[in-house]
Protein chains: 2
Amino acid sequence: MAKTSQAAGLHRASLAKLHELDAALELMYYGWRGMTLEADAYLAKQGLSRPHHRILYVVARRPDISIGSLVEVLGISKQALNRPLNLLLERKLLTSKRSPEQHRSKLLRLTEAGRRIEQRASDHERQVLRAAFDRVGASGAAGWMGVMEAIADNS
Amino acid sequence: MAKTSQAAGLHRASLAKLHELDAALELMYYGWRGMTLEADAYLAKQGLSRPHHRILYVVARRPDISIGSLVEVLGISKQALNRPLNLLLERKLLTSKRSPEQHRSKLLRLTEAGRRIEQRASDHERQVLRAAFDRVGASGAAGWMGVMEAIADNS
DNA sequence: GCCTCATGTCAACTATGTTGACTTGAGATT
DNA sequence: AATCTCAAGTCAACATAGTTGACATGAGGC
């Protein structure tokens, strides 16, 4: 089964380039994969996956966020949020309490264990970025940020 | 339901930055989304989705590719490939024939209709990249390529 | 006491992927 | 010619990640 490749389409495929920008297009694909690969492997070892990480990531940066706001930030339905969120609560990676005022909304926070997992998973991603930035220097990094901002703001 | 946001987590969330590289990390996420958003919408109108586009993209750049090689390049199982591939054959966006020699492998090719859809979908993605590159100039684009290559080669 | 609204939950569905087990059929080997 | 190998095709069961729709609960505001 493994003739020229190692595993899972990870090898930047040797495809003919039909357009000038095909290389860039493929780089976005493999870049996304490259950044998330190790983090996903780490999360899988913890019995978690990317949706759980996204929740942990957001709650880490918005302590006391409500469920409704979390749904908005993540861009998924509350039903889709429900299962991964409950798993994180059961595993005590998150806590939810109602505040004295605003008693209607629940406030989510990371526990220490949750913070640790969020940090390690995100660190895998940040280390990949760090290594790449180091390799190209500050000007290259600035160029990267500029391009990515332009693409992201494309909405 | 829509209070401060428009749709689906598309608004680059205002999250506190816990690390220097958090901004870059989020840019990768929103950049990926930004590049694929319009292409996905176009594909959905055609009753297709990203897996179908990936198949069309690869076959366009490797005419006469075999199913086994396609499985390798895409990094999915042949069973996972089976359904989207059959849909593309049924819709006559792809053809498969056995060659006179190498009679065991099937050779995949795009039809004209398939080529048209592949081009339009990929064009949506390339136009987003083009606009971003134009906005930052050649040096920024070069920096972007350098960083993305470093990340992609992270394997 | 009622209305609103955030939250929680249940069910049914779609899509995309996995593994495992098997059949089919062409080519090569003996 | 009989047999073996291997690409391809297919079926079943399952996991994950999402959707929509419907409805229950419970706190706060009026």
Nearest whole angstrom, please: distance from the P of dA26(C) to the CZ of Arg98(B). 7 Å

For Ala80(B) and Ser96(A), take the nucleotide of DNA chain C holding the closest heavy atom to each; which residue's nucleotide lies nearer the 5' end? Ser96(A)

Atom CD1 of Ile55(B) and atom P of dG17(C) are separated, to the nearest Å, by 9 Å

At what distance, to the nearest 0.5 angstrom, does CZ of Arg115(B) lie from CG of Leu56(B)? 10.5 Å

Spacing between Lys97(A) atom NZ and dA6(C) atom C1', to the nearest angstrom: 19 Å

When rounded to whole Å, the CG to P distance for the pair Leu81(B) and dT10(D) reads 12 Å

Look at all strands and tell whether Arg50(B) reaches a base, only sugar-phosphate, or nothing, counting heavy atoms closer than 4.0 Å. nothing

Rounded off to whole Å, could you give me the CG-to-C1' distance for the Asp64(B) and dA7(D) pair? 16 Å

Between Asp123(A) and Arg126(A), does any NZ, NE, NH1 or NH2 come within less than 4.0 Å of an OD or OE carboxylate oxygen? yes

Side-chain contact check for Arg54(B): nearest option of dT16(C), dG18(D), dA8(D) is dT16(C)

Can you tell me which nucleotide in dG17(C), dT16(C), dT10(D) comes closest to the side chain of His52(B)? dT16(C)

Let me know the distance between CZ of Arg83(B) and C1' of dC11(D), rounded to the nearest Å. 11 Å

What nucleotide among dA7(D), dA15(C), dT7(C) has an atom nearest to a side-chain atom of Ser105(B)? dA7(D)

dA8(D), dT20(D), dT16(D): which one has an atom nearest the side-chain heavy atoms of Ser77(A)? dT20(D)

Could you check if a side-chain atom of Asp153(A) sits within less than 4.5 angstrom of a side-chain atom of Arg135(B), using non-hydrogen atoms only? yes

Is any side-chain nitrogen or oxygen of Ser49(B) closer than 4.0 Å to OP1 or OP2 of dA15(C)? no

Interatomic distance, OH@Tyr30(A) vs CG@Leu37(A), rounded to 0.5 Å, equals 12.5 Å

Can you tell me how far the CD atom of Gln46(B) sits from the CZ atom of Arg116(B), to the nearest 0.5 Å? 8.0 Å

Nearest listed nucleotide, side chain of Asn86(B), among dG18(D), dT16(C), dT10(D): dT10(D)

Nearest to side-chain heavy atoms of Pro51(B), which nucleotide of dA17(D), dG18(D), dT16(C): dT16(C)

Side-chain atoms of Ile67(A) come closest, of dG17(C), dT7(C), dA7(D), to dT7(C)

How many whole angstroms separate atom CG of Leu43(B) from atom P of dA15(C)? 14 Å

Of the listed nucleotides dA8(D), dT19(C), dA15(C), the one nearest the side chain of Gln79(B): dT19(C)

Can you tell me the distance, in whole Å, between the CG atom of Leu108(B) and the P atom of dA8(D)? 9 Å

Out of dA8(D), dA22(D), dT16(C), which nucleotide sits closest to the side chain of Lys78(A)? dA22(D)

